[in-house]
There are 2 protein chains.
Amino acid sequence: MSVVGNAANVINPYSHVPVYRQLADILRQQIQSGEFGHLDVLPSEKALVQTYGVGRDTVRSAIALLRDEGLVFTVPHRGTYIGPRPE
Amino acid sequence: MSVVGNAANVINPYSHVPVYRQLADILRQQIQSGEFGHLDVLPSEKALVQTYGVGRDTVRSAIALLRDEGLVFTVPHRGTYIGPRPE
DNA sequence: CTGTATTTGTTCGTATGTATT
DNA sequence: AAATACATACGAACAAATACA
């Protein structure tokens, strides 16, 4: 398959699906496909802003969604990690 | 004219011009007027925060602007120097 | 060699303002 | 009115490199 035109990893600002949900979908897919290892760090907010060309609010909304789903947990000033929050 | 009340060196938080751009304007003016010598060190981020009463983000954004303009270059853990980046 | 201080780098937390849908 | 989105702004915490006494 061609790499170009693969919409799976690309934000579509014209979609009816909010950008933050599209971003959450992309990250969720990457996490579940094992693209990141368990306890690996998710790219930082800044990195995601740059990679996907969206605002910080949007990145934070997407991460909050994944956090609510139990897919990641965030440690203040450290980063967001893959996996359920340890007890 | 009096030095006091010269708005050229003062941040106006109520301006439509973002604070980081105002700060960049002030520093750019000082650099171009020869207030600092070539290869002198710009005041540290901490010093600029204190001098102008702004946040560190703002200082870093202003410096990044000057860096993009080629007016200064930053050496990690050393400081930001006046002049184009040496090769 | 060993601390201590300084400085930039990086990260998330929070808030406000504005614009668009 | 409410949700979404982006830019700006300040804060806090810690890391890492450097310099120096």
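In what follows, chains are A, B, ... by sequence order, proteins preceding strands, each numbered from 1. Since this is a predicted model, take the numbers as computed values, not measurements. Below, all heavy atoms of this structure are taken into account, side chains as well, without hydrogens, waters or symmetry copies.
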Take the protein atom CD1 of A:Ile11 and the nucleotide atom C1' of D:dT4, then report the distance between them rounded to whole Å. 13 Å

Rounded to whole angstroms, how far apart are CG on A:Leu48 and C1' on D:dC6? 16 Å

Respond yes when some side-chain nitrogen or oxygen of A:Thr58 is under 4.0 Å from OP1 or OP2 of D:dC6, and no when none is. yes

Which of D:dA17, C:dT11, C:dG9 is nearest the side chain of A:His77? It is C:dT11

Within the 4.0 Å heavy-atom criterion, would you say B:Thr74 contacts the bases, only the backbone, or no part of the nucleic acid? sugar-phosphate

Is a side-chain N or O of B:Ser33 found less than 3.5 angstrom from the main chain of B:Gln30, in a donor-acceptor match? yes

Between C:dT10 atom P and B:Asp57 atom CG, what is the distance in whole Å? 13 Å

A:Arg60 or B:His16, whichever maps to the more 5' nucleotide of DNA chain C: A:Arg60

Euclidean distance, atom NZ of residue B:Lys46 to atom P of C:dG9 [Å, nearest integer]: 16 Å

Given atom CD1 of B:Ile63 and atom C1' of D:dA9, what is their separation to the nearest angstrom? 16 Å

Pairwise 5' ranking along DNA chain D for B:Arg78 and A:Arg21, keeping only the more 5' one: A:Arg21

Can you tell me how far C1' of C:dT14 sits from CD of A:Glu45, to the nearest Å? 11 Å

Scanning both residues in full, the closest heavy-atom pair of B:Tyr52 with B:Asn9 reads CE2-O, 3.7 Å

Measure from CD on A:Gln50 to P on C:dG9 and round the result to the nearest Å. 14 Å

Do A:Asp25 and A:Arg28 meet the salt-bridge criterion of a basic N to acidic O distance under 4.0 Å? yes

Quick one: B:Asn12 CG to D:dA9 C1', roughly how many Å, whole number? 15 Å

Ignoring hydrogens and angles, tell me if any N or O in the side chain of B:Thr58 forms a donor-acceptor pair with the backbone of B:Val54 under 3.5 Å. no

Does A:Val59 offer a backbone N or O that forms a donor-acceptor pair with the side chain of A:Glu45 under 3.5 Å? no

A:Tyr20 side-chain N/O to D:dA5 phosphate OP1/OP2 under 4.0 Å: no

Taking a pair as Watson-Crick or G-U wobble with both distances under 3.5 Å, which nucleotide is matched to D:dA16? C:dT7

Any N/O donor-acceptor pair, B:Arg56 side-chain to C:dT10 base, under 3.5 Å: yes

